[in-house]
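The block underneath contains the structure these notes are about, expressed in structure tokens.
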Amino acid sequence: MQRIRLRYTKRGRLRFTSHRDFQRAFERALRRAEVPMAYSAGFTPHPKVSYANAAPTGTGSEAEYLEIALTAARDPETLRGLLDGSLPAGLDITDAVEAHTSGLADRLAASVWELRLDGVDPAEAQRAADAFHAAGTVEVQRTTKNGVRTFDCRPAVASLEVVETQSRADRPEDHPCAILRLVVRHVTPAVRPDDVLSGLRAVADLAPPVPAAVTRLAQGPFDEETGTVTDPLAPDREAAQAKTAAPAAAATAATPEGSV
């Protein structure tokens, strides 16, 4: 009867939650919130939940997306609050819209990542980023179930830059720290932040002394002109507004001129 699209986060220690762990926690939240879920057919029915492009285990995220199918209509914001209250802090439901369009997964064309490199001077990180941009190809290796795969990660990277930290907590005084902002197109094979870090090591010998803290800040359609990633739920919001405005416009048009 109704499809709801949700945006959720993985923050703090819960960045180490696997996708399967999140699925279990989310299904428990659906039961606690008494959401009227639609279920699949067959011998082992499951709630109809569609997950889109989940972040790798160990990375934080402010922009994960999923879609649920309901058997009865619910207000998206009310549903968001119920589910958010049924999940542990760190797994937060931050947005909810009714689905009025198709192809949510297809809209997730790029991601914005933040890479915190403790122990790396920002000037050193900037030199590495410049070398990465100047390189025609940046070949990296990844171990897969079929063995080691070599591929060029450079074409997927739309931008890579050092950004200024905003808060005092992000500006440690006892050691250097560089923050990289990375925009990556979702291509095949998928290029992940750790692949870009491998590429920085290959082209500029950049090797952070401790593992990078990686957070996805956004994902959605990629605007080639501005180089920005936009909101994938915007088309559903616009369709909902148009649907709400249509009856009002029809009523206005049907009112005879001069009537009270």
Side-chain angles (χ1 to χ4, degrees), residues 8-27 44 46 49-67 91 103-120 125 128-129 131-161 178 180-222 229 232:
Y8 67 96
T9 71
K10 287 173 58 181
R11 295 169 174 161
R13 295 178 63 184
L14 291 184
R15 69 174 57 222
F16 298 104
T17 302
S18 70
H19 182 56
R20 181 162 300 196
D21 289 337
F22 174 79
Q23 286 179 304
R24 286 194 287 262
F26 185 68
E27 290 186 13
T44 55
H46 297 285
V49 183
S50 300
Y51 299 92
N53 196 38
T57 302
T59 62
S61 181
E62 295 294 316
E64 301 296 287
Y65 293 92
L66 61 82
E67 180 179 298
L91 299 178
L104 173 62
D106 293 336
R107 286 182 223 149
L108 303 181
S111 287
V112 181
W113 297 93
E114 183 178 274
L115 286 64
R116 179 186 173 110
L117 309 180
D118 283 299
V120 175
F132 188 96
H133 278 297
T137 61
V138 180
E139 289 194 344
V140 297
Q141 292 184 332
R142 182 191 301 164
T143 301
T144 69
K145 62 182 180 181
N146 296 321
V148 177
R149 180 175 188 177
T150 301
F151 60 96
D152 180 12
C153 72
R154 178 63 188 87
V157 177
S159 67
L160 174 63
E161 59 182 350
L180 292 177
R181 187 70 50 81
L182 171 67
V183 179
V184 179
R185 298 179 183 88
H186 297 168
V187 297
T188 302
V191 173
R192 304 179 306 208
D194 57 329
D195 296 321
V196 177
L197 288 171
S198 296
L200 290 171
R201 187 181 302 112
V203 300
D205 199 28
L206 181 70
V210 297
V214 180
T215 302
R216 173 148 56 193
L217 302 180
Q219 65 171 323
F222 182 67
V229 176

Find the distance between [atom1] ([X]) and [atom2] ([Y]) and round it off to the nearest 0.5 Å.
X	Y	atom1	atom2	answer
S159	R181	OG	CZ	9.0 Å
S50	L66	OG	CG	8.5 Å
T57	D21	OG1	CG	8.0 Å
S18	R24	OG	CZ	6.0 Å

Q) Between W113 and T215, does a side-chain contact (heavy atoms from CB on, under 4.5 Å) hold up when you go through it step by step? A) CA-CA 6 Å; W113 297 93; T215 302; 6.0 Å; no
Just so I know, are the side chains of [X] and [Y] near enough to count as touching, which here means a heavy-atom distance under 4.5 Å?
X	Y	answer
L200	L160	yes
L197	L117	yes
D195	V184	no
F26	L91	no
P209	V120	yes

Looking only at heavy atoms, which two atoms of [X] and [Y] are closest? And how far apart?
X	Y	answer
H19	A54	ND1-CB, 3.5 Å
V203	A135	CG1-CB, 4.4 Å
A178	A125	CB-CB, 3.6 Å
G199	V140	N-CG1, 3.5 Å
A52	L108	CB-CD1, 3.5 Å
G220	V229	N-CG1, 3.2 Å

Is there a donor-acceptor pair closer than 3.5 Å between any side-chain N or O of [X] and the backbone N or O of [Y]?
X	Y	result
R107	P232	yes
T137	E139	no
E114	L217	no
R185	P155	yes
Q219	A63	yes

Q. Can you check whether Y8 and F22 have ring centres sitting under 6.0 Å from each other?
A.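 Between Y8 and F22, the centre distance is under 6.0 Å.
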Q: Report the C-alpha distance between D152 and V138 in whole Å, list the side-chain angles of each, state the deciding distance to 0.1 Å, and finish with yes or no for side-chain contact (heavy atoms from CB on, under 4.5 Å).
A: CA-CA 5 Å; D152 180 12; V138 180; 4.3 Å; yes
Q: Tell me, with the steps shown, if S198 and Q141 meet side-chain contact (heavy atoms from CB on, under 4.5 Å).
A: CA-CA 8 Å; S198 296; Q141 292 184 332; over 6 Å; no
**Q.** Test salt bridge (charged side-chain N to carboxylate O under 4.0 Å, His left out) applied to E64 and R216, R11, R15, the passing residue
**A.**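 When salt bridge (charged side-chain N to carboxylate O under 4.0 Å, His left out) is applied between E64 and each of R216, R11, R15, only R216 qualifies.
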Q.
Show, in sequence, the C-alpha distance, side-chain angles and deciding distance for R154 and H133, and conclude whether the side-chain contact (heavy atoms from CB on, under 4.5 Å) test is met.
A. CA-CA 8 Å; R154 178 63 188 87; H133 278 297; 3.5 Å; yes
